[in-house]
Amino acid sequence: MLVQAIVTIVLLAILARSLDLAALRALFVRLPIAFYFASAAVILAGQVAYAWRWRLLLTAAGVHVPFRLIVRQYFIGIFVNNFLPSTVGGDVAKIYYLGQAHGYRTVTASVAMDRVLGVGLLAALAAAALTVSPVSAARLTAAQIACLAVAVLALGLLVMTRVGTGGLAERVGWLGTRAVAMAERLQRLRLDMAAPLSRPAIIAQAAAVVVGYAIAITAVYQRFVLLQSGAAPPFVAMFAVVTATIVLSNVPVSLNGLGLREQLHASLLAPLGIAPEIAVAISLLLYAHLVVASLIGLAFWLRTR
């Protein structure tokens, strides 16, 4: 956490020195009020859609929970992610609260599968879009390689989840009974995680949520850039950068991605001809909408308490 805090401060300091802060403030002043509400609606609707995706995976694992409860737990997770120093704290919160009634192992399996499917599919989309993007640059190639690596890792995890490890408990038997017991627990967790993979319809619906939200959020970026500069880059190029930024912002080098997310926006949107002030402005605006989602999660948490 200390290292992440230092990295966050350094990234924000470097970013602040490279920006025209007066021009950055002016971008928000002249932005139409209607866009604030429209972009907020896209972000909040996207979180509800992601909650619905999580419910699909829970249902596949045999956990039947009312959708309103899933939405509440999902928004509590957003609150924990944004106000506690961890990018996985929200996942832990969802497991803790829902696992009390429905079993920690099963809920953990659904959250892990939700994370792997979401990040893996976004990484694959980013790598594919960067391949066909009409805009090329060395930094975009580096982002493509990083996203491809994440996609391959996610695919490997999914394959291992589906086919198993070939008798892990037997292979660690020489380490003692505790190691065998741990391996058996991991095996049961793997089987719970594999449950949705045997139902292609659920996987297709979960993937559709990811693709749909990525397209919607890219449209928000396009509209913001058009309003601020009068011109927007090709949609495919914007889609590629937006998805790559979302994936790479999850690298745990700063507190909750703060600083890293803004640096990625400024760096990866530059080859598209977008000024760093505009890139950072859209990043901050969408993060502000996530803070609103966090406050909704806080209200849910206080009501639960």
Side-chain angles (χ1 to χ4, degrees), residues 47 49-74 76-78 80-81 86-125 148-211 213 247 250 252:
Q47 306 316 304
Y50 273 19
W52 180 75
R53 182 188 67 182
W54 180 34
R55 183 172 183 255
L56 286 175
L57 300 176
L58 281 168
T59 302
V63 177
H64 300 280
V65 184
F67 183 54
R68 65 180 183 278
L69 178 59
I70 294 297
V71 171
R72 184 175 69 187
Q73 298 301 338
Y74 198 89
I76 290 174
I78 297 173
V80 174
N81 267 345
S86 171
T87 55
V88 296
D91 292 339
V92 175
K94 288 184 286 187
I95 293 168
Y96 175 75
Y97 285 111
L98 202 60
Q100 295 178 31
H102 299 281
Y104 291 110
R105 190 188 73 230
T106 304
V107 177
T108 299
S110 71
V111 170
M113 183 55 64
D114 187 51
R115 174 74 70 160
V116 173
L117 281 175
V119 175
L121 181 56
L122 272 177
L125 288 173
L148 183 60
V150 173
V152 170
L153 176 61
L155 178 61
L157 289 173
L158 291 175
V159 171
M160 185 178 68
T161 298
R162 187 71 178 90
V163 304
T165 58
L168 179 62
E170 290 79 4
R171 290 202 300 271
V172 301
W174 62 277
L175 293 174
T177 57
R178 289 187 177 180
V180 172
M182 178 61 71
E184 290 174 347
R185 293 192 193 98
L186 290 174
Q187 170 68 359
R188 290 192 291 270
L189 176 65
R190 182 191 70 79
L191 292 174
D192 285 340
M193 290 179 62
L197 297 178
S198 61
R199 301 177 64 176
I202 286 181
I203 299 301
Q205 292 176 66
V209 170
V210 176
V211 175
Y213 183 61
V247 171
N250 286 286

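Keep in mind that what you see is a predicted model, and the values were worked out from it rather than measured.
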side-chain contact (heavy atoms from CB on, under 4.5 Å) for N250 and R115? Distances and angles first, verdict last. CA-CA 11 Å; N250 286 286; R115 174 74 70 160; 3.7 Å; yes
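- Note: I203 CD1 to R53 CZ = 10.5 Å, rounded to the nearest 0.5 Å.
- Side-chain contact between L197 and L158 is present, with at least one heavy-atom pair separated by less than 4.5 Å.
- Summarising the geometry of P196 relative to M193, their closest heavy-atom pair is CD-O, 3.0 Å, with the distance given to 0.1 Å.
- Taking all atoms of both residues into account, the shortest heavy-atom contact from A151 to A124 is CB-N, 3.8 Å.
- For the side-chain contact (heavy atoms from CB on, under 4.5 Å) with R55, the qualifying choice from L69, V63, I70 is I70, the only one to do so.
- Interatomic distance, Y74 OH to W52 CH2, rounded to the nearest 0.5 Å: 13.5 Å.
- Residues L117 and L57 have side chains in contact (heavy-atom distance under 4.5 Å, counting atoms from C-beta outward).
- Contact record, A60 with I202: CB-CD1, 3.5 Å, taken as the closest heavy-atom pair.
- Interatomic distance, L58 CG to F67 CZ, rounded to the nearest 0.5 Å: 11.5 Å.
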Could you check V211 against L125 for side-chain contact (heavy atoms from CB on, under 4.5 Å), going step by step and ending with a plain yes or no? CA-CA 8 Å; V211 175; L125 288 173; 3.9 Å; yes
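- Atom OH of Y96 has 12 or fewer neighbouring heavy atoms from other residues, nucleotides or ligands inside a 6.0 Å radius.
- Summarising the geometry of Y50 relative to L122, their closest heavy-atom pair is OH-CD1, 4.5 Å, with the distance given to 0.1 Å.
- In plain terms, the two heavy atoms of R162 and R190 that are nearest each other are O-NH1, 3.8 Å.
- To the nearest 0.5 Å, the span separating CH2 on W54 from CG on L98 amounts to 5.0 Å.
- To the nearest 0.5 angstrom, M113 atom CE is 9.0 Å from L157 atom CG.
- Counting only residues at least two apart or in different chains, salt bridge (Lys or Arg N to Asp or Glu O under 4.0 Å) contacts with residues 94-105 comprise D91-K94, R105-D192.
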